[in-house]
Each structure stands twice: as structure tokens, then as C-alpha cells.
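A short worksheet on the structure shown next.
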There are 2 protein chains.
Amino acid sequence: MGIKRRTKSVTTMLSIFESGEEALSVVNLVERLKNQMNKTTVYRILERLEKEGAIHSFSGTNGLKWYAKCSQCTAHHHNDIHPHFECKDCGKVECLEVNIPIPSIEDRNIQSVDVLLTGQCTNCMI
Amino acid sequence: MGIKRRTKSVTTMLSIFESGEEALSVVNLVERLKNQMNKTTVYRILERLEKEGAIHSFSGTNGLKWYAKCSQCTAHHHNDIHPHFECKDCGKVECLEVNIPIPSIEDRNIQSVDVLLTGQCTNCMI
DNA sequence: TGTTTAATGCAACTTAGTTGCAAATATAAT
DNA sequence: ATTATATTTGCAACTAAGTTGCATTAAACA
């Protein structure tokens with residue numbers, strides 16, 4: 001049970017994710033939406049959108065929470081194992097459409113895989 | 001410049017890492033050492049030990065900071081690319097001695113790789 | 001149009017982690 | 001052994017991310 005009502009705030013949030021290709025930190029969203037909705041509302045809408053499978057979340061380098069809408073985000077299902085990339089120079093975070101093969105681990109039941117790559121993005125490599 | 005003086009607090013901290021094989025969260029360390037040293041001291045000793053290469057740090061599922069001393073932790077150098085495993089049932093976190101091959105990513109300069117696997121550990125699989 | 005239930009705002013709170021500064025202590029020099 | 005000096009620690013106050021409870025607002029559906 002994710003989003004039940006298409007409120008103005010939900011629409012606003014979704015349009016932000018539709019328009020861009022990058023990931024967005026919650027901190028960034030709270031800041032940029034502070035005139036349009038409450039901090040708590042930002043957190044709760046993101047939570048519901050993720051539960052629905054519209055977006056997915058992950059942790060950045062400093063433990064901050066990020067959200068992104070990627071091509072693999074499908075309703076009611078989210079089982080992508082793509083890595084996330086954080087540019088240490090400009091701070092940009094994005095989903096990489098690359099498959100990371102995880103070897104089977106003995107004696108353990110692996111249920112989720114999170115891969116965070118850090119380095120320089122295309123612009124900052126120069 | 002990591003540890004300069006072998007204080008009682010530093011010795012205590014190191015002995016904790018020597019004795020166990022698991023990773024330890026900062027929260028856990030602050031709690032278990034609260035009668036022996038200040039919270040700030042815990043944070044600072046861990047920071048210095050990591051700078052020295054005696055231990056290494058990483059983020060757990062909720063963005064919490066964890067530290068561990070693994071076989072690959074060597075003085076003045078720490079370039080292991082092993083995954084970390086967090087058991088969602090009992091909460092145990094550990095380093096896995098497995099190599100995760102990261103494919104080369106075009107147009108990006110990858111400098112660090114963090115892999116967090118979540119699932120059930122040996123004990124909790126039953 | 002009214003009723004129900006989900007969603008929001010607000011304020012207060014929790015928790016992880018940080019900072020500045022004075023006091024304490026390990027280590028090196030005398 | 002004593003002193004000097006630079007590192008380390010404790011403390012208290014702070015910052016920032018994220019959460020909670022509750023009263024109010026507003027979708028959606030009959």
C-alpha cells in the first residue's frame with residue numbers, strides 16, 4: 001500500500017523525478033521543496049513512492065539517503081542490482097546501467113546487494 | 001598522522017578489535033565503552049586508527065558507521081575491495097573474504113567501491 | 001454534497017556525529 | 001627523575017538527519 005491519493009505534493013514530487021536523470025538526496029529535496037511542502041511530507045511521500053516501486057532508495061557516501069527513478073523502477077517490484085555512482089568532486093549521484101555480478105556466498109542467504117562506486121564523473125575527469 | 005600516543009583508551013579500543021572477528025558499529029562501541037571513555041573520544045580514536053590503517057570503516061544498511069579490523073588491514077595502506085555483510089535477522093555485520101569483480105565503467109574514474117550485502121547469516125538461515 | 005479515510009503541517013523529539021576549549025597525560029628532552 | 005611540549009581526553013553544547021503524535025486539511029467515493 002503506497003500512494004492512495006494523487007495530491008498536489010505527490011504530483012510535484014513525481015514531476016521532479018520524471019524530469020531528471022540523476023538521483024536526489026532527501027536533504028536536497030527538503031531544501032528545494034521547503035516552500036511547497038513540509039519536511040515531514042517530503043519524507044513520507046518518498047517512503048510511499050518507494051513502497052509502490054515508483055522510485056528506489058540507497059545510501060550515499062556519508063550515509064545520507066538518496067532516491068532515484070531509474071528504468072528498472074517498475075510498479076510493485078524493484079529488484080535491480082545496478083550500482084550507484086557518486087562523484088566526489090561535484091557531488092552528483094546517479095544510477096549506472098551496469099550489471100554487477102555477485103558471486104554466490106556460501107553459508108549465507110543474500111537478499112539484497114548495494115554497490116556504491118565513488119570517483120570522478122565525466123565532467124570532473126578533465 | 002594517525003595514533004601518536006598509546007593511551008589506555010587506544011589500547012582498550014584495539015583489544016576489542018583484536019578479540020573479535022565481527023565488525024562493530026560506532027553506536028555499539030560508544031555504548032559498551034561509556035564507562036571507560038567519552039563518546040567524543042571513541043569517535044576520535046576510531047578516526048585515528050583508520051587513518052593509520054589499523055581498521056577500516058564502512059556504512060551499514062541504515063547509514064550507520066561501522067568499523068572492522070580485517071586481515072587486509074595493514075599499516076598505512078588499505079585498499080581492500082571486499083564486501084560487507086549485514087544479517088537482517090540478528091544484526092551481525094562482518095567482512096567477507098570474497099573478491100567482487102567490478103567491471104570497468106566507461107567515462108568515469110572509479111576510486112572506491114563499497115559493496116554491502118544483506119540477508120541471513122549462517123545461524124539465522126535455519 | 002456529505003462522509004470517510006488518506007495525507008499534511010507543525011512542533012517537539014530522537015539520535016548520530018561534530019566542535020571548541022580547558023584540563024590531563026604520554027612522550028621526548030634535560 | 002623532572003620538566004617541557006604536544007597529543008589526547010572530557011565535557012558541554014551544538015548541528016543535522018530523520019521520526020512521532022496529533023490536530024487539521026483535502027482527496028475520493030458513495
Side-chain angles (χ1 to χ4, degrees), chain A residues 1-17 23-68 75-76 84 86 91 93 114 116, chain B residues 1-17 23-68 84 86 91 93 114 116:
Chain A
M1 32 177 90
I3 297 278
K4 294 268 175 59
R5 293 179 186 182
R6 185 61 45 128
T7 62
K8 189 186 281 188
S9 294
V10 169
T11 307
T12 303
M13 186 71 77
L14 277 173
S15 68
I16 289 178
F17 280 101
L24 298 157
S25 73
V26 181
V27 173
N28 177 308
L29 286 167
V30 167
E31 170 62 24
R32 103 153 70 166
L33 291 169
K34 69 182 170 197
N35 295 321
Q36 288 151 85
M37 69 189 83
N38 190 269
K39 171 173 78 158
T40 310
T41 305
V42 173
Y43 277 96
R44 295 201 268 225
I45 290 182
L46 291 169
E47 189 179 284
R48 278 178 279 145
L49 286 175
E50 181 174 32
K51 205 167 291 180
E52 216 173 60
I55 57 179
H56 67 282
S57 73
F58 56 95
S59 288
T61 40
N62 38 13
L64 284 203
K65 200 164 192 180
W66 291 75
Y67 282 91
H76 295 284
H84 295 108
E86 180 163 346
V93 174
D114 278 283
L116 181 65
Chain B
M1 32 179 87
I3 297 279
K4 294 268 175 61
R5 294 180 186 183
R6 184 60 47 125
T7 62
K8 190 186 282 187
S9 294
V10 169
T11 307
T12 303
M13 186 70 79
L14 277 174
S15 67
I16 289 178
F17 281 101
L24 298 157
S25 72
V26 182
V27 173
N28 177 309
L29 286 166
V30 167
E31 170 62 22
R32 103 154 69 166
L33 291 168
K34 69 180 169 196
N35 295 320
Q36 288 151 85
M37 68 189 84
N38 190 270
K39 172 174 78 160
T40 311
T41 305
V42 173
Y43 278 95
R44 295 201 268 223
I45 289 182
L46 291 169
E47 189 179 281
R48 277 179 280 146
L49 285 176
E50 181 174 32
K51 206 168 288 180
E52 215 174 58
I55 57 179
H56 68 282
S57 72
F58 56 95
S59 288
T61 40
N62 37 15
L64 284 203
K65 201 165 192 180
W66 292 74
Y67 281 91
H84 295 108
E86 180 164 346
V93 174
D114 278 282
L116 181 65

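In what follows, every heavy atom counts, from backbone to side chain, and hydrogens, waters and symmetry copies are set aside. What you see is a predicted model, and the numbers here were worked out from it, not measured in a lab. Chain letters run A, B, ... following the sequence lines, proteins first and then strands; every chain starts at 1.
Separating the CZ atom in B:Arg48 from the NZ atom in B:Lys4 is a distance of 9.5 Å, to the nearest 0.5 Å.
Summarising the geometry, the separation between CD1 on B:Ile3 and C1' on C:dT25 is reported as 14 Å, rounded to the nearest angstrom. Here C:dA7 presents its C1' atom at 14 Å from NZ of A:Lys51, a figure rounded to the nearest Å. The CD-C1' distance, from A:Gln36 to D:dT25, rounds to 18 Å in whole Å. Look at CG on B:Leu64: it is 13 Å from C1' on C:dT14, rounded to the nearest Å. What separates CD of A:Glu47 from P of D:dT19 is a distance of 7 Å, to the nearest Å. Summarising the geometry, the separation between NZ on B:Lys34 and C1' on D:dC11 is reported as 17 Å, rounded to the nearest angstrom. The CG-C1' distance, from A:Leu29 to D:dG18, rounds to 14 Å in whole Å. Atom-to-atom, CG of B:Leu33 to C1' of C:dA16 comes out at 16 Å; the value is rounded to the nearest Å.
Projected onto DNA chain C by closest heavy-atom contact, B:Arg5 and B:Val26 fall at different nucleotides, the more 5' of which corresponds to B:Val26. With DNA chain D read from its 5' end, the first of the two nearest nucleotides for A:Gly63 and B:Ser9 is the one closest to B:Ser9. Both B:Ile45 and A:Lys65 sit near DNA chain D, but only B:Ile45 has its closest nucleotide nearer the 5' end.
Contact of B:Arg44 with D:dT8 (side chain to base): no donor-acceptor pair of N or O atoms is detected under 3.5 Å. A donor and an acceptor atom never sit less than 3.5 Å apart when one is taken from the side chain of A:Lys39 and the other from the base of C:dG9. Evaluation of atom-type donor-acceptor distances gives no pair under 3.5 Å for the side chain of A:Arg48 against the base of C:dA7.
Within 4.0 Å of A:Thr40, counting heavy atoms only, lies at least one base atom of the nucleic acid. Using a 4.0 Å heavy-atom cutoff across all strands shown, B:Val30 reaches no nucleic acid atom at all.
Within the 4.5 Å cutoff, the side chain of B:Leu14 has heavy atoms near those of the B:Arg6 side chain. Residues A:Trp66 and A:Leu116 fail the side-chain proximity criterion, which asks for heavy atoms closer than 4.5 Å. At a threshold of 4.5 Å between non-hydrogen side-chain atoms, the residues B:Val26 and B:Val30 count as touching.
Between A:Thr7 and C:dT8 there is a side-chain N or O to OP1 or OP2 distance below 4.0 Å. Listed pair B:Arg6 / C:dA26 fails the phosphate criterion, with no side-chain N or O lying under 4.0 Å from OP1 or OP2.
No donor-acceptor pair closer than 3.5 Å links the side chain of B:Glu86 to the backbone N or O of B:Gly91.
Comparing C:dT27, C:dT8, D:dG10 by their closest approach to the side chain of B:Met37 singles out D:dG10.
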